[in-house]
Amino acid sequence: MSNEPISLGEALASFDALWSPRVVTRVNDYDVRVAKVEGEHIWHAHDDTDEFFLVLDGELYISLREPGGERTVRLPRGAVFTVPRGVEHRPSAPAAAAILLFEPTGTSTVGDRHAEIPDHIDATTGHALGL
């Protein structure tokens, strides 16, 4: 990891792949990742960790399957939301968006339980930033 400041704009400009996060830095045992997103991700859950989202640009929706039923939260630019561990969720973006994720190093983008993974989803624990 770099000990120099990292521009999130430059980090996002360094790749084009959707749903394929890049690790911009680490905080203790956590990755700070950025991703470009558009369309739908898959339903998935992280059994042992919460998942933090910050919308850097655009708009993100996160559908949740909770004990009381299914709901969708809307996150405009600048909004944050944490999906609690074990909750099935499906992020989506109607148009191009950029997000920042904060989660333990090694956390898979498709969680521990998930639907079949389509070709447009990168099942990864985060790629190195190519700056």
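Numbers here simply count residues along the sequence, with the first being 1. Predicted model, so just to flag it, every value in this text is computed and none were measured.
- Separation of atoms OG1 (Thr49) and CZ (Arg85) is listed at 6.0 Å; rounding is to 0.5 Å.
- Tracing side-chain contacts under 4.5 Å through hydrophobic residues (I, L, V, M, F, W, Y), one never reaches Phe53 starting from Val27; they form parts of separate clusters.
- Here Asp48 pairs with nothing under the salt bridge (Lys or Arg N to Asp or Glu O under 4.0 Å) rule; sequence neighbours left out.
- For the pair Ser20/Phe15, no side-chain contact is recorded, criterion being any heavy-atom separation below 4.5 Å from C-beta on.
- Partners of Phe81 according to the ring pair (Phe, Tyr, Trp, His ring centres under 6.0 Å) rule, which considers only residues two or more places apart in sequence or in another chain, do not exist here.
- Under a hydrophobic-cluster definition in which Ile, Leu, Val, Met, Phe, Trp and Tyr are linked whenever side-chain heavy atoms come within less than 4.5 Å, directly or via other members, Leu60 and Leu54 are assigned to different clusters.
- For Asp112, there are no side chain to side chain donor-acceptor pair (under 3.5 Å) partners two or more places apart in sequence or in a different chain.
- Grouping the Ile, Leu, Val, Met, Phe, Trp and Tyr side chains by contacts below 4.5 angstrom, directly or via other members, places Tyr61 apart from Trp43.
- You'll find the side chain of Pro21 reaches within 4.5 Å of the side chain of Thr109, heavy atoms only.
- Following chains of ILVMFWY side-chain contacts shorter than 4.5 Å, one can reach Leu12 starting from Val80, so the two form part of one hydrophobic cluster.
- When all heavy atoms are compared, the tightest approach of Val23 to Leu129 is O-CB, 3.4 Å.
- Residue pairs meeting the salt bridge (Lys or Arg N to Asp or Glu O under 4.0 Å) criterion with at least one partner in residues 53-68, sequence neighbours excluded, are Glu59-Arg74, Arg65-Glu70, Arg65-Glu88, Glu66-Arg71.
- Each of Phe52 and Val37 belongs to its own hydrophobic cluster when Ile, Leu, Val, Met, Phe, Trp and Tyr are linked at side-chain heavy-atom distances under 4.5 angstrom.
- Taking the six-membered ring where the residue is Trp, His46 and His44 present perpendicular rings, their angle passing 60° and hence far from 30°.
- The backbone N or O of Glu38 sits less than 3.5 Å from a side-chain atom of Trp19, completing a donor-acceptor pair.
- Scored by the side chain to side chain donor-acceptor pair (under 3.5 Å) test, Arg90 finds no partners at all (sequence neighbours excluded).
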(message) Please evaluate residues Leu75 and Ile62 with respect to the criterion side-chain contact (heavy atoms from CB on, under 4.5 Å), reporting the C-alpha separation (whole Å), side-chain torsions for both, the decisive distance (0.1 Å), and the verdict.
(response) CA-CA 8 Å; Leu75 305 174; Ile62 302 176; 3.7 Å; yes
For a quick test of your reading: what N or O donor-acceptor pairs under 3.5 Å do the side chains of residues 96-106 make, sequence neighbours left out?
residue: Glu103; atom: OE2; partner: Arg33; partner atom: NH1; Å: 2.9
residue: Thr105; atom: OG1; partner: Asp29; partner atom: O; Å: 3.3
residue: Thr105; atom: OG1; partner: Asp31; partner atom: OD1; Å: 2.8

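- In this structure, His89 and Val83 approach most closely via the heavy-atom pair ND1-CG1, 3.4 Å.
- Here the NZ-CG distance, from Lys36 to Asp16, works out to 4.5 Å after rounding to the nearest 0.5 Å.
- Considering CD1 of Ile42 and NE2 of His120, their distance stands at 8.5 Å, rounded to 0.5 Å.
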